[in-house]
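Accompanying notes for the structure given below.
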Amino acid sequence: AAHAFWETQPVTQFSAERSAPELPEGAIQPPQKVEDVRQEPYKLPSAYEWCTCDVNDAQEIVEVYTLLTNNYVEDDDNMFRFDYSKEFLRWALKLPGYTSQWHIGVRAKTSKKLVAFISGVPARIRVQSAVVRMAEINFLCVHKKLRSKRLAPVLIREITRRVHLRDTWQAVYTAGVVLPKPLATCRYWHRSLNPKKLIDVGFSRLARNMTMARTIKLYKLPEQPLSPGIRPMHPADVPAVTALVTTYLQQFAIAPVLSEEEIAHLLLPAAGVVSSYVIGGEGGRVSDLCSFYTLPSSIIGNPEHSTLKAAYSFYNVATSVPLEQLMTDALILAKQDDFDVFNALDIQHNEAFLKDLKFGPGDGFLHYYLYNWRLNKELQPRQVGLVML
Ligand SMILES: COc1cccc(CC(=N)NC(=O)c2cccnc2OC2CCNCC2)c1
């Protein structure tokens, strides 16, 4: 039944031969006229109703937080579940140009309980040489008690309809599952910062030939960053950081096109949400940037520890120091901020430092997908410049 849904969507099908040159790259379906887009919401099972979640409303953001923290993505062994904070969700959903029409909830008609959610935010994404206005789709979540009611396809059709109503015909999304048809398949890697806790909670295992003392020593980091002058990014850095990131992202086959406003929103430090550090160059220029976002995970059923504090590599540009040194500073700064682990995908230039900085491979993959855009060749992870939250 799952394939039946994706076989009806404008995505590259598994059956399609990528090598077939006759299919042109680009939009799979031409855009419709906005006035021809279906006006009425898709039909839900009779006990449920659509709602729009107002992320500025203190109560509604709590409802979205509660749904996700109890029902969103878990690791393959169901030991950890993402625990996006309320502040993080507000930040991720209120990107410049956002609309609450793309923050879609499903409520039980009687109890009014939020039982499902899906979101989109506007983004300009360059795919090779084409800059395409897209929706970044994220946080698709159906309450555990309502799984296999085929709600997810209805949520996907509904957000597609609402994205079409705003004259937007492409989307980008990631998933840990294989769907038709990955644009890129990335591996995730973890760098221990607090190895004792990671082993206590079962995230990591003590190597057979290592003691705990030896393991703690192995992952020990300097107290202070190595790069002279590295400091938190602040508002006056936004123009220079925008220039640095824009130049850096040119080299990737898929990357966001970010305005100063978007750079400010995405990268200016926000406690418990995003951390960014810069090294200043001459005349107010910025020569280097490292950044990571805060995404804790609930530790399912562990009495001693309830939360794994994880940092996720975001955008990192090294032009005046070696990338390994910059990322070592990111690890040092994350450790100073009491993170337990630093996570990264093998995208951007990350392969160059993962092994040397003692990252270990994770047990799963993160697949990138485009909606209504065909590329004849799957991308290598190093060709991906876009980081999804
Ligand atoms: C450690 O707690 C976890 C809780 C839930 C799932 C996973 C494994 C996993 N699926 N990890 C990732 O997807 C991942 C690993 C490294 C970097 N970014 C990632 O995903 C990001 C980007 C996609 N949206 C989720 C966060 C781990």
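Numbering of ligands and ligand atoms starts at 1, following listing order.
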Worksheet item: Looking only at N/O atoms, are Leu308 and ligand 1 under 3.5 Å apart anywhere?
Response: no
Discussion item. I'd like to check which ligand 1 atoms, numbered from 1 as shown, lie under 4.0 Å from a non-hydrogen atom of Leu295.
Written reply: 26 (C)
Practice prompt. Ignoring hydrogens and angles, state whether a donor on the side chain of Lys144 or Asn70 is under 3.5 Å from an acceptor on the partner side chain.
Written response: no
Worksheet item: Near Glu74, which atoms of ligand 1 are under 4.0 Å from a heavy atom of that residue?
Response: 5 (C), 6 (C)
Fill in: pair Ile230-Cys290: side-chain heavy atoms closer than 4.5 Å
yes
Worksheet item: Any idea which heavy atoms bring Phe292 and Ala311 closest together, and the distance?
Response: CD1-CB, 3.6 Å
Fill in: Sidechain N-carboxylate O distance under 4.0 Å for Arg161, Glu158
yes
Worksheet item: What part of Trp189, side chain, backbone, both or neither, has a heavy atom within less than 4.0 angstrom of ligand 1?
Response: neither
Worksheet entry | salt bridge (Lys or Arg N to Asp or Glu O under 4.0 Å) between Glu223 and Lys335, intermediate numbers included | CA-CA 9 Å; Glu223 293 294 304; Lys335 173 69 178 171; over 6 Å; no
Worksheet entry | Identity and separation of the nearest protein heavy atom to atom 20 (O) of ligand 1 | Leu366 CD2, 4.1 Å
Worksheet item: Side chain, backbone, both or neither: which part of Tyr72 has a heavy atom under 4.0 Å from ligand 1?
Response: neither
Worksheet item: Parallel under 30°, tilted from 30 to 60°, perpendicular over 60°: which one fits the rings of Tyr72 and Phe139?
Response: tilted
Item to complete: Report, in ascending order of atom number, the atoms of ligand 1 lying under 4.0 Å from any heavy atom of Tyr293.
Response: 21 (C), 22 (C), 26 (C)
Worksheet entry | Shortest reach to atom 16 (C) of ligand 1 by a heavy atom, considering only Tyr188, Phe203, Tyr368 | Tyr188
